[in-house]
Amino acid sequence: MEKEFYRDEFEQFLKDTTDDFKMYPSRKVWHSIYNDLHPDRKWPSLAVCLLLLTAIMYLGVSNNNAINSGSKKTQYNYLSASSNESGTVQLKESFANSGSNANIKNREFLTASNGKVDISINTLAIAESNNSINVNSSPTSFKIEAGSDIQKVSSLIVKENATISAKIITAETNILGNEENAKESEDLVAKEYLQHIANGNSKNPESVYNKSQQAQPNDNREWIDNFALYNKKKERNSFKRGWSTQYYVVPSVGYRVLFKNEQLAASNDNSFISTNNNNDVKPSEPNEQGALSIEAGAGVIKEINSRFRIKTGLQFNYTDFITNAQKLDHPTTTTVAFNNDYGVSVQGYSSRYANTPGKNKDQLHNRTLQLSIPIGFDYKLLGNNKIAWYAGASFQPTYIAGGYAWVQSADNNFYVDDPSLLRRWNFNAGVESFVSIKTPSGASINLGPQFRYQLMSTYSKRYTYTEKPYSIGFKIGFSKPL
Amino acid sequence: MTEEQMLAGSIKNNASAQEELYNRFSPRMLGVCYRFAKNREDAEDMLQEGFIKVFTQLHQYRGEGALEGWIRRIIVHTCINILKKNKKFADSVDIIYANSVRVREEMIPSIMQAKQVVECIRLLPTGYRTVLNLYAIEGFSHREIGHMLDIEESTSRSQYTRAKAMLEEILVKRNIIQKNRKQGYGNAASTS
C-alpha cells in the first residue's frame with residue numbers, strides 16, 4: 001500500500017511539473033509542415049529555380065561569347081611604334097581588324113640618340129595592362145629615354161616578346177588563310193623592331209623596317225613561317241580537347257500510361273474493394289489530359305570520334321499531367337487497394353474528388369520535381385562542321401524531390417492523394433533528334449524533338465497500379481567547346 | 001478564431017487556420033517531443049512529422065474529448081514510431097540492457113522546475129525514458145506500452161521501476177525534490 005501511494009505521488013509530481021512545459025519551435029518547422037500540406041503552393045519557388053537556371057545558362061553562354069570575342073580582339077591587336085622630335089620612342093597599341101589596314105599607317109621608328117635606352121616605370125604598367133589596352137582599343141604610349149641602363153630594357157622587352165610572339169602567330173594564321181592580306185605582315189615590323197632592341201641592336205632599327213618595306217608578300221610569308229616555327233602557338237590543353245559544355249531547356253507536354261496490376265485485376269470481382277454505395281453511378285475511365293512540363297539541364301559532351309559523342313550532366317525536370325475530376329462537397333470515405341503477400345488488401349482513406357460525372361469539375365495536377373544525372377550519347381547522322389543532324393539517347397537515374405500524386409481508389413470511384421506512395425528513386429530514358437547549327441562564335445545551337453519516358457512506376461510497389469509518365473517536347477540547347 | 005472555426009478551416013486545408021492551430025498547440029507538443037527525443041533538433045523533427053499527421057487525419061477527430069488530448073496522442077505515437085526506427089532503441093528497451101545502464105553525468109541548467117525535471121528525465125537512458133514518459137506522464141498502461149514498443153508487459157513494468165528509481169535518485173541528488181516517505185514527494189525549496 002505504501003508502495004502504491006509512493007508510486008502515485010511520484011507520478012503525480014512528474015505529471016504536474018511537466019504538463020505545462022512548453023518549448024517554442026523554430027519557424028522552419030512550420031514552413032516544412034506548410035510545404036508538405038500545400039505542395040501546390042511551392043511552385044513559385046519552382047519558377048524562381050527555373051529563372052535562376054535560365055539566368056545561369058544565359059550568363060554561361062554570354063560569358064563564353066565574351067571570352068571568345070575578347071580573344072578575337074587580341075588576335076588583331078598589333079603593336080606599332082612612332083617617334084616624336086624630342087628623341088623618345090613611343091610604342092603604341094593600335095587596333096585593326098583582319099583585312100583592314102586602317103590603323104596601321106603612321107609607323108616610324110626612331111631610337112634614342114646614344115643607343116642606350118631606359119624605360120621608365122610606366123612601361124611596366126603598360127606592359128602589364130595589355131588587356132585593358134586591347135579592350136579599350138585606345139593607343140597608349142611610353143617613353144624610352146636616353147642614357148639609362150640597358151638591362152631594364154631587356155627585361156621589359158622579354159616581357160613584351162611573349163606577347164609579340166603570340167601575336168605574330170595570329171598574324172601568320174590570318175595571312176595564310178587569306179593571301180590578299182599580305183600587307184598585314186607589315187605589322188610584324190613593329191614587333192621585330194622590339195626584338196631588335198631586346199637583342200641589344202637598338203642603333204639601327206630602321207633597317208628592319210626598310211627590309212620589310214622592300215619585301216614581297218611571298219617573302220613575308222616565308223619570314224612568318226620561319227618565325228612561327230620558333231614561336232609555335234601553345235597546343236590546346238589536351239584535357240579540354242573534344243570536350244564541350246551544353247545547356248538546354250525542353251518545354252514539353254506530359255502524359256502517362258496506367259497499368260492495373262495482375263493481382264488487382266484478379267480481385268476486381270470481389271466486392272470487398274467496392275465502396276460505391278450508389279450502384280446507379282458507374283465510374284468512368286480516368287479522364288486525363290496533358291499538362292506543361294519542363295526540363296532544364298547543363299552538362300558536358302565528349303567527342304569520341306567525328307560522329308559519336310558521349311554526354312552527361314545534371315538535369316532538372318518538372319513533370320505534370322492533369323486528371324479531370326469532380327470535387328465533392330464533403331470528404332467521403334473510400335479505400336485504396338494495396339499489394340500484399342497474399343493478394344490485395346485495402347486501406348481506408350478520405351477523398352474529396354470523385355471519378356464520376358458531376359457539376360463541380362476540377363483538375364488534379366500530378367506533379368513531380370525530379371533531379372537526374374543523364375548519361376547518354378549523340379550520333380551524327382548527317383552534316384558538316386556548320387550544320388549537322390544528330391540522334392541521341394540517354395539513361396537518367398532520377399531522384400524524385402517532391403510531388404503530388406493522385407491515386408485511384410480500389411473501385412476507381414475516387415482520387416486520393418498520398419505522397420508517401422511516391423517512389424523516391426526512379427529511372428528515365430530519353431531519345432531525341434536535333435539539328436546542331438554552329439554559330440560564328442563557335443557555339444552550337446541545338447534544336448529538335450525529344451521524348452522522355454519513366455521506366456519504373458511513379459508509385460511504390462505497394463500500390464496496385466503502375467504509372468509511367470512520359471513527355472513529348474522540343475529541345476532548345478547550346479553547346480560550346482571548352 | 002474559435003476552436004471550431006480553426007478546426008473546420010484546417011479540415012478544409014485552409015492554411016491560416018492550420019497555422020493558427022499549429023501556433024496554439026505546438027509549444028506544448030514540442031515539450032512532449034523533447035522528453036522523448038535525444039536533442040532539440042530531433043524533437044522538432046518529431047513535431048513536424050506529428051503535425052503533418054494531425055492535419056491529414058484531422059477529419060477523423062469526432063470531437064470526443066479535448067482536441068489537445070487528441071493531438072497529443074498522435075504526437076506521442078509519432079515520437080514512438082520515430083524512436084522505433086532507430087535500431088539501438090530496440091536494444092535500449094530490452095530488459096537485458098536495462099540491467100547495465102548508467103545515468104549520463106551532465107550539467108542540468110537550473111532555470112525552472114519544469115525545465116529541470118524534463119532535463120532530468122532526458123538524462124535517463126532512451127528505453128527508461130520512453131517507458132517512464134509513456135507510463136507516468138502520458139498515462140498509458142504497461143499493456144499498451146508493451147504493444148506500442150513491441151515488448152512484454154513485464155519488461156515495461158521492470159523498465160519503469162528502474163527508470164523511476166533512477167530518476168528519483170537524480171532529482172534528489174540535484175536537490176530538485178526531497179524524498180519524504182510520510183509526506184510524499186515535494187519541492188526541495190518548499191519542503192526544506
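Predicted model only: the values in this text are computed from it and were never measured. Chain identifiers are assigned alphabetically (A, B, ...) following the order of the sequence lines, protein sequences preceding nucleic acid strands; residue numbering begins at 1 within each chain. What you see below is based on every heavy atom in this structure, not just the backbone, and it leaves out hydrogens, waters and symmetry mates.
Within 6.0 Å of NE2 on A:H31 lie more than 12 heavy atoms contributed by other residues, nucleotides or ligands. Under a cut-off of 6.0 angstrom, the local environment of CD in A:Q289 is crowded, with over 12 non-hydrogen atoms contributed by other residues, nucleotides or ligands. No more than 12 heavy atoms of other residues, nucleotides or ligands shown are found within 6.0 angstrom of CZ on B:R143.
Near-neighbour residues of residues 5-12 of chain B relative to chain A, defined by a heavy atom under 4.5 Å from a heavy atom of that chain, are none.
Between atom CD of residue A:E11 and atom OH of residue B:Y160 there is a gap of 3.5 Å, rounded to the nearest 0.5 Å. Rounding to the nearest 0.5 Å places CG of B:N13 at 4.5 Å from NE2 of A:H38. From A:I33, atom CD1 reaches atom OH of B:Y22 across 5.0 Å, with rounding to the nearest 0.5 Å. Rounded to the nearest 0.5 angstrom, B:R35 CZ and A:L14 CG are separated by 9.0 Å. Taking OG from B:S26 and CE from A:M23, the interatomic distance works out to 11.5 Å, rounded to the nearest 0.5 Å. The CG atom of A:L37 lies 7.5 Å from the OG1 atom of B:T56; values are rounded to the nearest 0.5 Å.
Here the rule is side chain to side chain contact (heavy atoms under 4.5 Å, CB included) with A:S350, and of B:Q57, B:Q60, B:H59 only B:H59 fits it.
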Kindly indicate, with the supporting measurements, whether the criterion side-chain contact (heavy atoms from CB on, under 4.5 Å) is fulfilled by A:D36 and B:F55.
CA-CA 10 Å; A:D36 208 277; B:F55 286 121; over 6 Å; no

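With A:K15 contributing its side chain and B:I137 its backbone, the two residues share a donor-acceptor pair below 3.5 Å.
Ring pair A:F21/B:Y34 is tilted by interplanar angle, where 30° to 60° counts as tilted.
For the pair B:N23/A:W30, no side-chain contact is recorded, criterion being any heavy-atom separation below 4.5 Å from C-beta on.
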Tell me which donor-acceptor pairs under 3.5 Å the side chains of residues 43-54 of chain B have, and how far apart each pair is, sequence neighbours excluded?
from, atom 1, to, atom 2, distance (Å)
B:E44, OE1, A:S26, OG, 3.0
B:E44, OE2, A:S26, N, 2.9
B:E44, OE2, A:S26, OG, 3.3
B:E44, OE2, B:R40, NE, 3.4
B:E44, OE2, B:R40, NH2, 3.4

